[in-house]
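Notes follow the structure.
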Amino acid sequence: MNATEIRAAISLAFVYVLRMLGLFMVMPVLAILAKDYPDYSALLVGVAIGGYGLTQAILQIPMGMFSDKFGRKPIIMGGLCVFCIGSIIAAMADSMLMLVVGRMLQGAGAIAGAIMALAADVSRENQRAKVMAIIGIAIGFSFYLSLLLGPVIANAYGLSGIFTITAVLAALCLPLVWWLVPNGANHAPSGDTLPTLKDVSKLIKHPQLMRLNLSVCLLHMLITLLFVMLPSMLVEEQLGLASQWQWYLPILILSIVGLSLLMMINRKVQGNTVLMLALLLLALSFVGFWSSSTLLYLTISAVIFFTGFNYLEANLPAMVSNIAPAGKKGSAMGTYASFQFFGAFAGGLISGLVNEYFVPHLVFIIAIAICVVWYILLMGLDGIDGLKRYTLSVQVSKQPQSELNQKLAALDGVKDITIVPEQGAVYLKVDANQFDLRKAQQIARTEF
């Protein structure tokens, strides 16, 4: 990568980490500290934990599309301002209801699509995957960091302190985006970075993508269900907020070791065997949480849960990217992200309702039932096709592009073609063992 690409990757990853910290740091502490509000209810706790997911799910795709029309940086900075306002409202909240409003405003700053599009704009095609990978690693890192920092900050400064720090960090991102993040002089072809409503409506009906969309929805439903219950369970085991980060740290380390083992197994077996194994680990962990009577059992269950969660969180988006039709990856990933955030909201709502009106541990029985339904759903998932993607710049007249399509389709290894004249781009999915990129580039340079 050149200097501009390195600067873009690091600065955008930093923006992503600071924003995601603000969304996630309250997860391990809110169920405990929310009891201080006068209108406390278990239902509002669940909605407050997952509430950001509802607005994020609704605005995720539109905000990405607006960045195509109004520019990446204005949308990113506007989203950060909305996020900052939501954090301030949550910090000043003297009731659970105001806390929920603040959390939903945090989610309304849905800038993920615009960040990814800007990253694509300022990187060359052959380096774009590296830039995206750095940002993706930062997203995962922010979640783990939030589990460690959340209890420490909450113990020292309370919920208000977490949201105040979050607002300050979001404000610091504004000059970072404006001055440090490079400007995208030329927009990259957006089919593989940004969604379109037309594509989304079609891809929702895609049977394999729908299985993956529902999978990530259920995955984030499960983790939100867990974090409505887990903090209070730790307190019952005499593990206060000040010490909880010490409990999370070895669990996260062991779960990363478990993830590495699953990755090694995945390289030696075919099909979705390890995917199903990770799901079985989730189910097993919830059996453990349901029957846990000591801190040791809680710890073992948590290691098993995060091992399965890490694998699924890392591999589901890769599967979506691989299965998506040529030129439709942006729409496929936008749809996937919306399902992901809606799952977080649904998990908070369900767990809140159960805690409010039923026996709290019923949450874990529901989680086990979700895993069973999910397992049945994944039984119909086809294997990954293993095809590679290329984006070529083309000069296409307003006449039908049948000749270009015909010539590219005749090349060995070409499996899927999408031509987008208004972007001056053609998207290909190919078998890399048979495909000759130079021949395709020669065809693309011909004006049709």
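The structure presented is a predicted model; accordingly, all values stated were derived computationally and were not measured.
Inter-residue side-chain proximity for V274 and N315 is flagged as unmet; no heavy-atom pair is nearer than 4.5 Å. A 4.5 Å side-chain heavy-atom check between Q208 and L212 finds every atom pair outside the cut-off. Side-chain atoms of N213 and F342, non-hydrogen and from C-beta on, never get closer than 4.5 Å to each other. Two residues are said to be in side-chain contact when any heavy atoms from C-beta on lie closer than 4.5 Å; L222 and W374 meet this criterion. Between C173 and I76 there is no side-chain heavy-atom pair separated by less than 4.5 Å. Taking the side chain as every heavy atom from C-beta outward, F66 and L59 never approach each other to under 4.5 Å. For the pair L281/L262, a side-chain contact is recorded, criterion being any heavy-atom separation below 4.5 Å from C-beta on. With contacts defined as side-chain heavy-atom distances shorter than 4.5 Å, the pair L312/S215 does not qualify.
A donor-acceptor contact shorter than 3.5 Å links the side chain of K73 to the backbone of V177. Under a 3.5 Å cut-off, the side chain of T55 and the backbone N or O of M104 do form a donor-acceptor pair. A side-chain donor-acceptor contact under 3.5 Å links R103 to the backbone of L23. Remark: side-chain polar atoms of S232 are not paired, donor with acceptor, to backbone N or O of M229 under 3.5 angstrom. Checking side-chain atoms of T164 against main-chain N and O of S160 turns up a donor-acceptor pair under 3.5 Å. Between the side chain of S255 and the backbone N or O of V303, no donor-acceptor pair lies under 3.5 Å. No side-chain donor-acceptor contact under 3.5 Å links N272 to the backbone of L378. Judged purely by atom type and a 3.5 angstrom limit, Q60 has no side-chain atom pairing as donor or acceptor with the backbone of A110.
Once rounded to the nearest 0.5 Å, the distance linking OH of Y311 with CG of L259 reads 9.0 Å. To the nearest 0.5 Å, the span separating CD1 on I153 from OG1 on T166 amounts to 7.5 Å. Interatomic distance, CD1 of I370 versus CG of L377, reported as 12.5 Å (0.5 Å rounding). Of the inter-residue distances, the one linking F163 atom CZ with L99 atom CG reads 5.0 Å to the nearest 0.5 angstrom. A distance of 8.5 Å separates CG in N266 from CG in L275, rounded to the nearest 0.5 Å. Between the CG atom in L349 and the CG atom in L43 there is a gap of 6.5 Å [rounded to 0.5 Å].
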For this session: Determine, step by step, whether L282 and L219 satisfy the side-chain contact (heavy atoms from CB on, under 4.5 Å) criterion, reporting the C-alpha distance in whole Å, the side-chain angles of both residues, the deciding distance to 0.1 Å, and the verdict.
Result: CA-CA 9 Å; L282 292 187; L219 180 64; 3.8 Å; yes

For this session: Apply the test side-chain contact (heavy atoms from CB on, under 4.5 Å) to residues I85 and V82: give CA-CA distance (whole Å), side-chain angles for both, the deciding distance (0.1 Å), then the verdict.
Result: CA-CA 5 Å; I85 292 170; V82 172; 5.6 Å; no

Exercise. Does the ring-ring contact (aromatic ring centres under 6.0 Å, His included) test come out yes or no for F305 and F286, once each step is laid out?
Worked result: CA-CA 8 Å; F305 174 85; F286 281 110; 5.6 Å; yes

For this session: Dump the intermediate steps for side-chain contact (heavy atoms from CB on, under 4.5 Å) on I32 and Q244, then the final yes or no.
Result: CA-CA 12 Å; I32 298 172; Q244 286 188 8; 3.7 Å; yes

Problem set entry | Full working for side-chain contact (heavy atoms from CB on, under 4.5 Å) between Y248 and L234 | CA-CA 11 Å; Y248 282 115; L234 293 177; 4.1 Å; yes

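Nearest heavy atom pair, residue M63 against residue G79, reads CE-CA, 4.2 Å. Closest of all the heavy-atom pairs between P28 and F227 is CA-CD2, 4.0 Å. In terms of heavy atoms, Y37 sits closest to D94 at CD2-C, 3.8 Å. Minimum heavy-atom separation, L225 to G347: CD2-O, 3.4 Å. Pairing each heavy atom of I223 with each of M27, the nearest pair is O-CE, 4.4 Å. Across every non-hydrogen atom of L241 and V29, the tightest pair is CD2-CG1, 3.5 Å.
Counting heavy-atom neighbours within 6.0 Å of W247 CH2, excluding the residue itself, gives a total above 12. Within 6.0 Å of OH in Y40 there are more than 12 heavy atoms belonging to other residues, nucleotides or ligands. Around the CZ atom of F435, the shell of radius 6.0 Å holds more than 12 heavy atoms that belong to other residues, nucleotides or ligands. At most 12 heavy atoms of other shown residues, nucleotides or ligands fall within 6.0 angstrom of atom CE in M92.
F143 is linked by a ring pair (Phe, Tyr, Trp, His ring centres under 6.0 Å) to F24, F309, counting only residues two or more places apart in sequence or in another chain.
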